[in-house]
Structures are given as C-alpha cells and as structure tokens.
Student: 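Have a look at this one before I ask anything.
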Amino acid sequence: AGAKGADSTKGTVGAVALDGRHHLAAATSTGGMTNKMPGRIGDSPLIGAGTYAKDGTVAASATGHGEVFIRGAATATIAHLMEYSRLGVAQAAHQVLIKQLPQLGGDGGVIALDGKGTFDAPHSSPGMLYGYLTRDGRIITKIFPSESPANE
Ligand code: ASP
C-alpha cells in the first residue's frame with residue numbers, strides 16, 4: 001500500500017508491504033514541511049516516529065506534522081498498542097492518529113498493515129491519497145476518512 005499527503009503534489013510518499021514469507025516492511029520519503037529550518041530532520045526517517053515495521057505486528061508509514069509524530073513516537077505506539085494491549089491494527093492506528101496526536105497538536109495520517117494483511121489508513125487531516133492492492137488483485141485508491149477500509 002502507498003500513501004501521499006494530499007496537500008501537495010510533491011509531498012510525502014510511504015509504502016508498507018507484507019511478503020509471501022510473512023515479512024513486513026515500511027518506507028517513507030518526505031520533502032519535509034514548508035519553510036522548514038535548514039538541517040531539520042522530520043519523523044519520516046526516524047524509526048518508531050514516521051516509519052516502523054516489525055514482523056508479526058505491523059508495518060506503518062506516517063505523514064503529517066513530523067515534530068508531533070516524533071514526540072508521540074507515532075508508529076512505535078501503534079505497534080505497542082497491538083502487542084501489549086492486543087488492539088487490532090485499525091483500532092491501534094485510530095487511537096494514535098485520531099485520538100493521541102491531535103491532542104498534541106499534530107494532524108496527519110498513517111498507512112498500516114498487520115502480519116495477516118489487514119490494512120487501514122486513518123487520518124485526521126482532511127484528505128490523504130492512498131492506494132492498496134487486494135488479495136484478488138484489485139487496485140483500490142481512496143482519499144477521504146469515510147472511505148477508510150475499517151469503515152467498509
Ligand atoms: N511528516 C513529514 C515531516 O514532518 C511531512 C509530511 O509528511 O508531509 O517531515
């Protein structure tokens with residue numbers, strides 16, 4: 001699955017994948033924030049902030065206000081909610097993206113895929129472009145929160 005911040009045509013691109021050997025992987029590329037300070041390092045390259053993958057748990061890639069995603073250890077927290085509180089991927093991602101990070105002042109979204117291939121993409125930002133490939137080979141693309149796979 002891949003996602004892209006909806007507010008820019010040159011923004012963040014993320015990908016999460018589960019392979020045939022049950023390995024999970026995540027990657028995130030960002031141009032950063034508009035008017036960022038020279039030398040700023042956002043959340044995208046920081047494991048556990050904008051990007052995280054652990055076999056058997058989750059692969060997650062985030063977009064949004066990077067400083068808050070770092071403070072909130074966004075993608076690691078999704079994994080910890082799944083491991084220690086036994087939340088499903090959709091509930092864990094929703095908890096972090098919709099409940100925790102906005103309280104810290106951070107809007108954005110995440111694409112998240114668990115070890116069984118369950119995918120969700122919650123976002124507190126108005127729109128987030130993302131797409132995924134279904135088991136039967138269909139390509140699905142979405143943008144608005146009401147279209148979240150968890151709401152299907
Ligand atoms: N999270 C990125 C950053 O703070 C920006 C983005 O996703 O658009 O660098």
Side-chain angles (χ1 to χ4, degrees), residues 1-19 23-55 57-83 85 87-115 117-133 139-152:
K4 191 172 192 329
D7 55 346
S8 161
T9 56
K10 295 177 183 157
T12 297
V13 178
V16 291
L18 172 68
D19 75 9
H23 295 305
L24 284 163
T28 313
S29 166
T30 181
M33 302 289 283
T34 303
N35 297 324
K36 66 183 177 183
M37 287 178 62
R40 172 189 182 266
I41 297 174
D43 59 319
S44 306
L46 299 181
I47 302 308
T51 307
Y52 191 79
K54 182 176 178 186
D55 284 354
T57 305
V58 71
S61 171
T63 180
H65 298 132
E67 284 72 8
V68 176
F69 282 63
I70 295 168
R71 276 175 55 212
T75 51
T77 301
I78 293 171
H80 295 159
L81 287 170
M82 294 174 68
E83 290 186 333
S85 295
L87 296 190
V89 63
Q91 294 162 295
H94 185 273
Q95 174 71 27
V96 172
L97 269 293
I98 309 301
K99 297 201 168 152
Q100 294 181 2
L101 296 178
Q103 283 183 7
L104 297 174
D107 283 323
V110 70
I111 52 172
L113 180 69
D114 75 9
T118 305
F119 172 76
D120 202 15
H123 47 100
S124 59
S125 45
M128 181 175 78
L129 301 173
Y130 65 94
Y132 56 94
L133 187 64
I139 296 172
I140 313 283
T141 56
K142 301 191 177 187
I143 185 165
F144 295 115
S146 60
E147 300 175 315
S148 167
N151 292 327
E152 284 176 352

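Read the numbers this way: they start at 1 and go in the same order the structure lists the ligands and their atoms.
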Student: Could you check whether Ser61 and Thr28, counting side-chain N and O atoms only, form a donor-acceptor pair closer than 3.5 Å?
Tutor: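 The answer is yes; a qualifying pair exists.
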Student: If you compare all heavy atoms of Pro45 against all heavy atoms of Ile41, which two are closest, and at what distance to 0.1 Å?
Tutor: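 For Pro45 and Ile41, the tightest heavy-atom pair comes out as CG-CG2, 3.9 Å.
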Student: Is the shortest side-chain heavy-atom distance between Val16 and Phe119 below 4.5 Å?
Tutor: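 A side-chain contact under 4.5 Å exists here.
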Student: Counting from 1, what ligand 1 atoms have a heavy atom of Thr30 closer than 4.0 Å?
Tutor: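 That gives atoms 2 (C), 5 (C), 6 (C), 9 (O) of ligand 1.
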Student: Does the residue Gly64 have a heavy-atom contact with ligand 1, meaning some pair of atoms that are separated by less than 4.0 Å?
Tutor: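 Yes.
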Student: Examine ligand 1 and decide if any of its atoms is less than 4.0 Å from a heavy atom belonging to Lys36.
Tutor: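 Per 4.0 Å heavy-atom rule, Lys36 does not contact ligand 1.
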Student: Show me which atoms of ligand 1 lie under 4.0 Å from any heavy atom of Met33.
Tutor: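 Heavy-atom distances to Met33 below 4.0 Å select 4 (O), 5 (C).
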Student: Ignoring angles and geometry beyond distance, decide whether Gly42 reaches within less than 3.5 Å of ligand 1 through its nitrogen or oxygen atoms.
Tutor: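 Between Gly42 and ligand 1 (N or O atoms, distance only) the closest approach is not under 3.5 Å.
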Student: Taking all heavy atoms of Ala74 and all of Ala49, pick out the closest pair and write down the distance.
Tutor: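 Minimum heavy-atom separation between Ala74 and Ala49: CB-O, 3.6 Å.
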Student: Which of the atoms in ligand 1, numbered in the order shown and given with their element, are less than 4.0 Å from a heavy-atom of Arg40?
Tutor: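 Every atom of ligand 1 under 4.0 Å from some heavy atom of Arg40: 3 (C), 4 (O), 9 (O).
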Student: Hey, what do you get for CD (Glu83) to NE2 (His80), rounding to the nearest 0.5 Å?
Tutor: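 So the gap between those two atoms works out to 6.0 Å.
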Student: Can you name the atoms of ligand 1, numbered from 1 with element, that are less than 4.0 Å from a heavy atom of Thr63?
Tutor: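 This gives 6 (C), 7 (O), 8 (O) as the contact atoms.
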Student: Which of the atoms of ligand 1 are close to Asp43, meaning less than 4.0 Å from one of its heavy atoms?
Tutor: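 Under 4.0 Å from Asp43, ligand 1 has these atoms: 1 (N), 2 (C), 3 (C), 4 (O), 9 (O).
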Student: Whether the Ser125 and Asp107 side chains hold a donor-acceptor pair (N or O, under 3.5 Å, no angle test) is what I'd like checked.
Tutor: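 No - no donor-acceptor pair under 3.5 Å links their side chains.
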Student: Would Gly32 count as a contact residue for ligand 1, given that I'm defining contact as a non-hydrogen atom of the residue lying under 4.0 Å from a ligand atom?
Tutor: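 Judged by the 4.0 Å heavy-atom criterion, Gly32 does count as contacting ligand 1.
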Student: With the side chain counted from C-beta on, respond yes when Tyr52 and Lys54 share a heavy-atom pair under 4.5 Å apart, and no when they do not.
Tutor: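 Yes, side chains in contact.
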